[in-house]
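Below is one structure, written out as structure tokens; the observations come after it.
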Amino acid sequence: MRNVRVGDLAIIVDDGGEKENLGLIVKVLKFEGLISWSECGIRPTWQVKVTGARLIWYERCNGELYQVSRGMWPDCCLRRIAPDQKKNNLLKHEQKIKDIVCEQPTVCPRTPDLAPAV
């Protein structure tokens with residue numbers, strides 16, 4: 001079973017290196033397939049893109065570090081950030097109320113002469 005799916009927001013929970021990528025929030029863009037990683041062997045791998053200003057750090061074979069906003073990351077090192085279902089339900093409920101209220105003509109029951117013309 002995979003930790004993430006395309007479209008998920010995820011957090012990097014392991015980077016196999018100096019920990020410079022830990023806690024980085026990424027959006028999962030595409031499944032890349034099974035790829036060999038020096039730290040953890042052959043693993044299901046995703047193409048990800050950072051969501052904030054911090055970039056992903058990678059190390060070249062010669063030890064040189066570089067940064068990118070989009071790259072590949074093994075599934076075993078990602079954890080899905082679950083959407084807040086209660087908040088989503090509340091927002092949907094609020095939108096329904098706004099839709100109902102906005103469909104009604106605006107009338108002030110106490111001072112109808114101040115209400116906008118309908």
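By convention here, the first residue in the shown sequence is residue 1. Just the heavy atoms: all of them, side chains too, but no hydrogens, waters or symmetry mates, feed the values below.
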Check residues 51-62 and write down every donor-acceptor pair under 3.5 Å in which the side-chain atom is one partner and the other belongs to a residue at least two apart or another chain.
residue: T51; atom: OG1; partner: I25; partner atom: O; Å: 3.2
residue: R54; atom: NH2; partner: E20; partner atom: O; Å: 3.0
residue: R54; atom: NH2; partner: L22; partner atom: O; Å: 3.4
residue: Y58; atom: OH; partner: M72; partner atom: N; Å: 2.8
residue: Y58; atom: OH; partner: M72; partner atom: O; Å: 2.5
residue: R60; atom: NH1; partner: E64; partner atom: OE2; Å: 3.2
residue: N62; atom: OD1; partner: E64; partner atom: N; Å: 2.9

Who are the side-chain hydrogen bond (donor to acceptor under 3.5 Å, both in side chains) partners of [X], not counting sequence neighbours?
| X | answer |
| --- | --- |
| N21 | none |
| W73 | none |
| Q67 | none |

- salt bridge (charged side-chain N to carboxylate O under 4.0 Å, His left out) partners for D15, two or more places apart: none
- Just jot down the salt bridge (charged side-chain N to carboxylate O under 4.0 Å, His left out) partners of R5, sequence neighbours excluded, or say none. none
- Message: Let me confirm one number: the CG-CZ distance from D8 to R2, rounded to the nearest 0.5 Å.
- Response: 12.5 Å
- Where K27 and G7 come nearest, the two heavy atoms and their spacing: NZ-O, 3.6 Å
- Item | Heavy-atom closest contact (L29 atom, K49 atom, distance) | CD1-CB, 3.7 Å
Check whether any side-chain heavy atom of [X] lies under 4.5 Å from a side-chain heavy atom of [Y], and answer yes or no.
| X | Y | result |
| --- | --- | --- |
| D14 | K19 | yes |
| L34 | P44 | yes |
| V13 | I11 | yes |
| W37 | I42 | no |

- Task: Answer yes or no: are there more than 12 heavy-atom neighbours, outside I81 itself, under 6.0 Å from its atom CD1?
- Result: yes
- Task: Indicate, with yes or no, if L9 and I12 share a hydrophobic cluster defined by side-chain heavy-atom contacts under 4.5 Å among Ile, Leu, Val, Met, Phe, Trp and Tyr.
- Result: no
- Item | Donor-acceptor contact present, side-chain N3 to main-chain D75, <3.5 Å | yes
